[in-house]
Amino acid sequence: MNVFRLDEFFLIARVSSVSGTEGFVKILSYSDVPERFLSLHEVYIDFFDSKKKLLVEKVKQVKSNFYIKFTNFNSDKEVKPLLGKEIFVDEKNVIRLPENSYFIHDLLGSTVVRNNKYFGRIVDVLPYPANDVYVIENEDGEEILLPALSELIENFDAKKKMMVLKPGESFYEDEN
C-alpha cells in the first residue's frame with residue numbers, strides 16, 4: 001500500500017460535471033497553464049482521506065473547457081462518484097515554473113521579514129492583471145496588501161517558506 005504525504009500532491013482542478021454518456025467529466029481548472037491537461041497521463045483523487053491514482057485515457061478541449069475520460073470509467077453512471085472531487089498531481093507531474101515564479105501554495109503560510117524583524121505571514125494571494133498582491137497578516141491580525149513586485153522583495157525561499165522584503169522605508173510603512 002502506498003502512503004503519501006499531503007505535501008506530495010498539488011491541486012490542479014475539480015470535477016464539475018458529467019459530460020455525455022461515454023465516461024467523460026468536465027473539469028474546472030485551477031491551473032494558470034490549462035494546456036497542461038492535454039499531456040496528463042495520471043492524476044490523484046481523494047476518496048475517504050486517501051489519494052487514489054486514476055489513469056487519464058483521453059482529454060478533449062472545447063474552447064476553454066477541458067473534458068477528461070479516465071481509464072475504466074466508461075459511462076455517465078460510473079463517473080458520478082467523481083462529481084465535485086478535486087484533482088491532484090504528484091511532484092513529478094507539477095508544471096515547472098520560470099525562475100522567481102512560485103505556486104500560490106508555496107507562498108501561503110510563509111513568514112515575511114523586513115529589516116530583520118517579523119513583518120507578518122502571507123494568508124492569501126490576490127491575482128490582478130498588473131501583478132499579484134500578497135495579503136500579509138501582521139501580529140495584530142491586521143491585513144497588509146503588498147504588490148508582488150521584485151523591487152519590494154529581496155528574497156523568497158519556498159522550502160523554508162520565508163520571504164525577506166527589501167529594507168528601508170517604503171509605501172507599506174504605517175503612516176500613523
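In this chain, numbering begins with 1 at the start of the sequence shown. Predicted model, so just to flag it, every value in this text is computed and none were measured.
The backbone N or O of K117 lies less than 3.5 Å from no partner atom in the side chain of N115, so there is not a single donor-acceptor pair. In terms of modelled atom types and a separation under 3.5 Å, the side chain of S110 and the main chain of L107 share a donor-acceptor contact. Side chain of N138 to main chain of D140: a donor-acceptor pair is present (N/O by atom type, distance under 3.5 Å, no hydrogens or angles).
Side chains of L38 and F66 form a contact here, defined as non-hydrogen atoms less than 4.5 Å apart. Counting only heavy atoms from C-beta outward, the side chains of F10 and D90 never approach each other to under 4.5 Å. Within the 4.5 Å cutoff, no side-chain heavy atoms of L54 are placed close to those of V56. The shortest side-chain heavy-atom distance between K58 and F70 does not fall under the 4.5 Å cut-off. L145 is listed as a side-chain neighbour of V135, based on a closest heavy-atom distance under 4.5 Å. Side-chain contact between L146 and L152: present, with at least one pair of heavy atoms (C-beta onward) separated by less than 4.5 Å. With contacts defined as side-chain heavy-atom distances shorter than 4.5 Å, the pair F37/I12 qualifies. Between V112 and L165, the closest side-chain pair of non-hydrogen atoms falls below 4.5 Å.
No continuous path of hydrophobic side-chain contacts links I153 to Y118 [ILVMFWY only; heavy atoms under 4.5 Å]. Taken together through direct or relayed side-chain contacts under 4.5 Å among Ile, Leu, Val, Met, Phe, Trp and Tyr, V125 and I144 form part of one hydrophobic cluster. In this structure, F119 is not a member of the same hydrophobic cluster as M162, with clusters built from ILVMFWY side-chain heavy atoms closer than 4.5 Å. Residue F47 is grouped with residue F73 when hydrophobic side chains (ILVMFWY) are merged at heavy-atom distances under 4.5 angstrom, including chains of intermediate members.
Across N131 and P147, no two heavy atoms sit closer than the pair ND2-CB, 3.6 Å. Summarising the geometry of S29 relative to A13, their closest heavy-atom pair is CA-CB, 4.1 Å, with the distance given to 0.1 Å. The heavy-atom pair separating E57 from T71 by the smallest distance is OE1-CA, 3.5 Å. The nearest pair of heavy atoms linking D76 to G20 is CB-O, 3.3 Å.
Of the N and O atoms on the side chains of K60 and N65, not one donor lies less than 3.5 Å from an acceptor on the other residue.
Here the CZ-NZ distance, from R121 to K161, works out to 10.0 Å after rounding to the nearest 0.5 Å. Considering CD1 of I136 and CD1 of I122, their distance stands at 5.5 Å, rounded to 0.5 Å. Once rounded to the nearest 0.5 Å, the distance linking CD1 of I68 with CD of Q61 reads 11.5 Å. Separation of atoms CG (L11) and CD (E86) is listed at 5.0 Å; rounding is to 0.5 Å. Rounding to the nearest 0.5 angstrom, the gap separating the CG atom in D124 from the CG atom in D132 is 10.5 Å. Atom NZ of K26 is separated from atom CG of L83 by 12.5 Å, given to the nearest 0.5 angstrom.
Within a 6.0 Å sphere centred on CD of E22, heavy atoms belonging to other residues, nucleotides or ligands number 12 at most. Other residues, nucleotides and ligands contribute more than 12 heavy atoms inside 6.0 Å of the CG atom of N155.
F24 belongs to a hydrophobic cluster whose other members, connected by ILVMFWY side-chain contacts under 4.5 Å either directly or through intermediates, are V62, Y67.
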Legend entry - Criterion side-chain contact (heavy atoms from CB on, under 4.5 Å) on I45 and K52, from CA distance to verdict: CA-CA 5 Å; I45 294 184; K52 302 295 182 197; 5.7 Å; no
Inset, instruction - Could you please spell out the steps behind the side-chain contact (heavy atoms from CB on, under 4.5 Å) verdict for F9 and V43? - result: CA-CA 10 Å; F9 294 98; V43 298; over 6 Å; no
Legend entry - CA sep, side-chain torsions, deciding dist, call: I87, Y44, side-chain contact (heavy atoms from CB on, under 4.5 Å): CA-CA 6 Å; I87 299 172; Y44 294 85; over 6 Å; no
Inset, instruction - Please assess Y134 against L108 for the test side-chain contact (heavy atoms from CB on, under 4.5 Å), listing each intermediate value before the final yes or no. - result: CA-CA 9 Å; Y134 302 137; L108 292 177; over 6 Å; no
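With sequence neighbours excluded, the residues forming a side chain to side chain contact (heavy atoms under 4.5 Å, CB included) with K77 are S75, listed by chain and number.
Under the 6.0 Å cut-off for aromatic ring centres, Y102 and F156 qualify, their centroids lying closer than that.
A salt bridge does not link E154 to K166: none of the charged side-chain nitrogens sits closer than 4.0 Å to a carboxylate oxygen.
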